[in-house]
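One structure below.
What you are looking at is a predicted structure, and each value in this text was computed from that prediction instead of being measured.
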Amino acid sequence: RAGAYPPPPDASPVLGLEVAGRVVAHGPGVPEPAIGATVCALVPGGGYAEFFVAPEGQLIAPPPGVDLVSAGGVLEVAATVLSNLREGRLKAGEVFLVHGGAGGIGTFATQYAKALGATVVATAGSPDKLEHCLAHGADHALDYHDDWVAALKAATKGADVILDIIGAKYLEPNVASLKKRGRIVVIGLQGGVKGTLNLGAMLSKQATITATSLRFRPAAEKAEICAAVEAEVWPMLADGRIRLSPETR
């Protein structure tokens, strides 16, 4: 709302990046989904409105058994988590660390990583949020006010993949937390944009840092991600491996 996260040049200036509703019209040469079909979608802007427009490939069916209101709040987080854990190449048996474990991204990422077979460590800042992380599948929940790097290493010997919403403030401790060939995926900058990076530590660990944004990806990439969410994540919601939480914060 303050304008600190401006939309892409071709996007609506109206806020709102994920939506759900019923199809009322098609663009030229676009036959699907059918008029009247229920859908959820990723949009680069314009979601907080009575009507929205979305590219065909970014419209998918809502998760089975999920109402449209809830569906309107799940696609972007699912797409963000799936695409960035793919970016981090998370595999079964690896250790996954997510910061902001009690938030929407953290809660979803915890459950998705568990479904992939990873050991999950989440950070949060209060006893109730730490309990939230554990209740949603985290194997370890660490208070970020404490020495969470030492606690992580004591519990797991380090992380293979880190999903980071903090940015600069956590750059050095994140690198210190990695195992050999570890991967950091930065998706947020709550802790600033400029940090200090010890390239020697990166080299000795053969580590990788990636920074990504879902909003600024090309439409074709978003369409592929949406299709993957529908094929891979929606079944996890249907069978209970991932459950939506009204308590994320």
side-chain contact (heavy atoms from CB on, under 4.5 Å) involving Ala155 - partner list, sequence neighbours excluded: His140
Atom pair NE2 (His132) and OG1 (Thr107), whose distance is rounded to the nearest 0.5 Å: 3.0 Å
Close side-chain approach of Val175 and Tyr170, heavy atoms under 4.5 Å: no
Evaluation steps, side chain to side chain contact (heavy atoms under 4.5 Å, CB included), between Lys180 and Gln206: CA-CA 6 Å; Lys180 193 167 185 177; Gln206 302 176 46; 3.1 Å; yes
Leu171 side chain reached by Val186 side chain, heavy atoms, under 4.5 Å: no
Val185 side chain near Thr208 side chain, heavy-atom distance below 4.5 Å: no
Any side-chain heavy-atom pair of Phe96 and Thr119 under 4.5 Å: no
All side-chain contact (heavy atoms from CB on, under 4.5 Å) counterparts of Ala141, not counting sequence neighbours: Leu130, Cys133, Leu134
From CG (Leu142) to CG (Leu97), nearest 0.5 Å: 7.5 Å
Main-chain N/O of Ala176 paired to Lys205 side chain as donor or acceptor, under 3.5 Å: yes
Leu75 reachable from Val69 in the ILVMFWY side-chain graph, under 4.5 Å edges: no
Side-chain donor-acceptor pair present, Thr123, His99, cut-off under 3.5 Å: yes
Straight-line distance of Thr80 OG1 to Ile165 CD1, nearest 0.5 Å: 12.0 Å
Trp234 side chain near Val66 side chain, heavy-atom distance below 4.5 Å: no
Salt bridge (Lys or Arg N to Asp or Glu O under 4.0 Å) contacts in which one or both residues fall within residues 207-219, not counting sequence neighbours: Glu87-Arg217, Arg217-Glu221
Joint cluster assignment, Leu199 & Leu178, ILVMFWY side-chain distance < 4.5 Å: yes
Phe216, CZ atom: more than 12 neighbouring heavy atoms under 6.0 Å: yes
Gln111 side-chain N/O to Arg243 backbone N/O, donor-acceptor pair under 3.5 Å: yes
Closest approach of Val98 to Gly106 (non-hydrogen atoms, all atoms of both residues): CG2-CA, 3.9 Å
Residues in side chain to side chain donor-acceptor pair (under 3.5 Å) contact with Arg241, at least two apart in sequence or another chain: Asp239
Closest approach of Lys129 to Ala102 (non-hydrogen atoms, all atoms of both residues): CB-CB, 3.7 Å
Inter- and intrachain pairs under side-chain hydrogen bond (donor to acceptor under 3.5 Å, both in side chains), touching residues 54-79, at least two apart: Asp67-Ser70
Acceptor/donor pairs from residues 6-16 side chains to any protein atom, 3.5 angstrom cut, sequence neighbours excluded:
| residue | atom | partner | partner atom | Å |
| --- | --- | --- | --- | --- |
| Ser12 | OG | Val14 | N | 3.1 |

Which atom of Val161 lies closest to which atom of Gly88, heavy atoms considered: CG2-O, 3.4 Å
Side-chain heavy atoms of Ser83 within contact of Thr212, under 4.5 Å: no
Residues that Ser177 engages under side-chain contact (heavy atoms from CB on, under 4.5 Å), provided they are two or more places apart: Trp148, Val149, Leu152, Ile162
Side-chain heavy-atom pair Ile105, Leu163 within 4.5 angstrom cut-off: yes
Nonpolar side-chain network containing Val43, other nodes, edges under 4.5 Å: Val19, Val23, Ile35, Val39, Phe52, Leu59
Salt bridge (Lys or Arg N to Asp or Glu O under 4.0 Å): pairs with one or both residues in residues 91-114, sequence neighbours excluded: Lys91-Glu94, Glu94-Arg183, Lys114-Asp139
Single-linkage hydrophobic cluster Leu197~Leu189, side-chain heavy atoms < 4.5 angstrom: yes
Remaining members of the apolar cluster that contains Phe51, side-chain heavy atoms under 4.5 Å: Val24
Straight-line distance of Asp147 CG to Lys153 NZ, nearest 0.5 Å: 9.5 Å
Considering all heavy atoms, the nearest Ala37-Pro33 contact: CB-CB, 4.0 Å
Single-linkage hydrophobic cluster Val74~Leu214, side-chain heavy atoms < 4.5 angstrom: yes
Nearest heavy-atom neighbours spanning Thr110 and Ala122: OG1-CB, 4.5 Å
Donor-acceptor pair, side chain of Asp160 and main chain of Gly182, under 3.5 angstrom: no
Residues forming a side-chain contact (heavy atoms from CB on, under 4.5 Å) with Arg86, sequence neighbours excluded: Leu82, Glu224, Ala228, Glu232
Rounded distance (nearest 0.5 Å) linking atom NE2 of His136 with atom CG of Leu244: 9.0 Å
Approximate separation, where rounding is to 0.5 Å, of Ile187 CD1 and Asn84 CG: 5.5 Å
Nearest heavy-atom neighbours spanning Ala113 and Leu90: CB-CD2, 3.8 Å
Non-hydrogen side-chain atoms of Leu237 and Pro64 separated by less than 4.5 Å: no
Which residues share a side chain to side chain donor-acceptor pair (under 3.5 Å) with Glu50, sequence neighbours left out: none
